[in-house]
Amino acid sequence: MKNFRVHFWSFGVILFFVFSCSSEDANPDLNGNNQNSYIPLKELFKDHFFVGAAITPAHTDIRTPHGRTLVEHFNSVTAENVMKPDAIQRIKGTFTWTEADRIVQFAKENNMKVRGHTLTWHSQTPDWFFFDQTGALLSKDIALKQLEEHITAVMTRYRGMIDSWDVVNEALFDWDPDGQIIYREDSPWYKIIGESYIDSAFVYAHRADPDAKLFYNDYNSIFSWKRNKIFDLVKRLKDNNIPIHGIGLQGHWFVGTSVEDLRTTLELFRGLGVEIQITELDLSVYLSSNEPGSVVYTDEFNTRQRIAYPEIFRVLLDYSDAIAGVTFWGIGDDASWLDTPGRKHFPFLLNEQLQPKPAYFDVQRLLRR
Ligand code: XIL
């Protein structure tokens, strides 16, 4: 009898797993939060776009929860920091590849794409790119030559291994409702060279790897004051036959971010005939930067994300003919660049234990056939 009971019990357990795994909808709890019924992100979106994560080299260890989660959910990775100029060429002429190589190797072993991030930026770029030893700005010729050497070295090393590159990052002025100031004029690139450094960077990049897709990447891209500048810039580059293939919308958004602005922007950019990618998605639980911080994922935060996340993905799916990929700027809520002491942003679809959050299931339901 005892044996029978044990067998009966294990049979029940087996039945439970068979049924809960066989259908994504089996047995959802009230939050739609059934741990057994999720579909990995890369599977969920496989007919629409690739799904990426920004990572550190440590995340590539598949014996760790992060490594396993990457392999389970994502089919693309971006180096969160280790491919930036200050990581690869901190000292002029001395290239440090170890960390970036680890990420590229991991992607290769696991059949993932890599987004290269980033080649030309005012931030996380060593001073020697811009200044001489007296602290004076370099000449235009020297700065361009150094930029060309950097882009050529990095893109040559990863030729054929990196699908798309953020060639120029955040070159446009951010807050200017009247549209008077176009470029980020305090960028040393702009100060030394003027707007044509953007054109040059794309030309160098195309020469270094003619097969790589070349992107202009920026934040706040969905707001009217910025999206028109991005549109004008990309149109000008295309009209001048500068090789540019895509626009990266970073996607550092708040739960209150307007999906109508997102839709308008996708509509506008699609008209340029370039590929679009969401490159750095994180959706902060706060309504704005002024809201007081919390280190607890409250019911209110949960509700907000359950509304905002599916709204955003609804729009992304509507434009999936133009969107090639969606990359999150991290993996799960345990770590985000947005977090500060006393203020966590919980910006992802995976929670601090790297498990699907209720918002994940709401997004998943959009794909239900
Ligand atoms: C951030 C990283 O996440 C941080 O770890 C680092 O300290 C600063 O940069 N836009 C970009 C990314 O293009 O490179 C930035 O990444 C986030 C904003």
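Not measured: the values here are computed from a predicted model. Any value given below was found using the heavy atoms of this structure, including those in side chains, with hydrogens, waters and symmetry copies removed. Both ligands and their constituent atoms are indexed starting at 1 by order of listing.
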Does any N/O atom on [X] come nearer than 3.5 Å to any N/O atom on ligand 1?
X	answer
Trp329	yes
Trp337	no
Asn169	yes

Hydrogens and angles aside, do Gln124 and Asn81 bring a side-chain donor and acceptor to less than 3.5 Å of each other?
yes

Which heavy atom of the protein is the closest neighbour of atom 6 (C) of ligand 1, given with residue, atom name and distance?
Asn81 OD1, 3.4 Å

Give the residue and atom name of whichever protein heavy atom lies nearest to atom 8 (C) of ligand 1, and the separation in Å to one decimal.
Gln124 OE1, 3.4 Å

Considering the heavy atoms of [X], write down every atom of ligand 1 situated less than 4.0 Å from one of them.
X	result
Lys84	1 (C), 2 (C), 9 (O), 12 (C), 14 (O), 15 (C), 16 (O)
Glu280	10 (N), 11 (C), 12 (C), 13 (O), 17 (C), 18 (C)
Glu80	2 (C), 3 (O), 4 (C), 5 (O)

Please tell me whether Tyr297 and Phe346 form a close aromatic pair, meaning their ring centres lie under 6.0 Å apart.
yes

Quick one: are the ring centres of His245 and Trp165 less than 6.0 Å apart?
no

Using a 4.0 Å heavy-atom threshold (strictly under), name the region of [X] that reaches ligand 1: side chain, backbone, both or neither.
X	value
Asp166	neither
Tyr219	neither
Thr118	neither

Using the rule given for side chain to side chain donor-acceptor pair (under 3.5 Å), can you reason through Gln250 versus Asp218, listing the C-alpha separation, both sets of side-chain angles and the distance that settles it, and then say yes or no?
CA-CA 6 Å; Gln250 291 187 1; Asp218 213 332; 5.0 Å; no

Salt-bridge test for Arg157 and Asp101: reply yes if a basic N is under 4.0 Å from a carboxylate O, no otherwise.
yes

Do Asp362 and Arg365 meet the salt-bridge criterion of a basic N to acidic O distance under 4.0 Å?
yes

Going through the checks in order, is the side chain to side chain donor-acceptor pair (under 3.5 Å) test met by Glu148 and Gln146?
CA-CA 5 Å; Glu148 180 176 17; Gln146 294 188 158; over 6 Å; no

Do the ring planes of Phe348 and Phe328 sit parallel (below 30°), tilted (30 to 60°) or perpendicular (above 60°)?
perpendicular

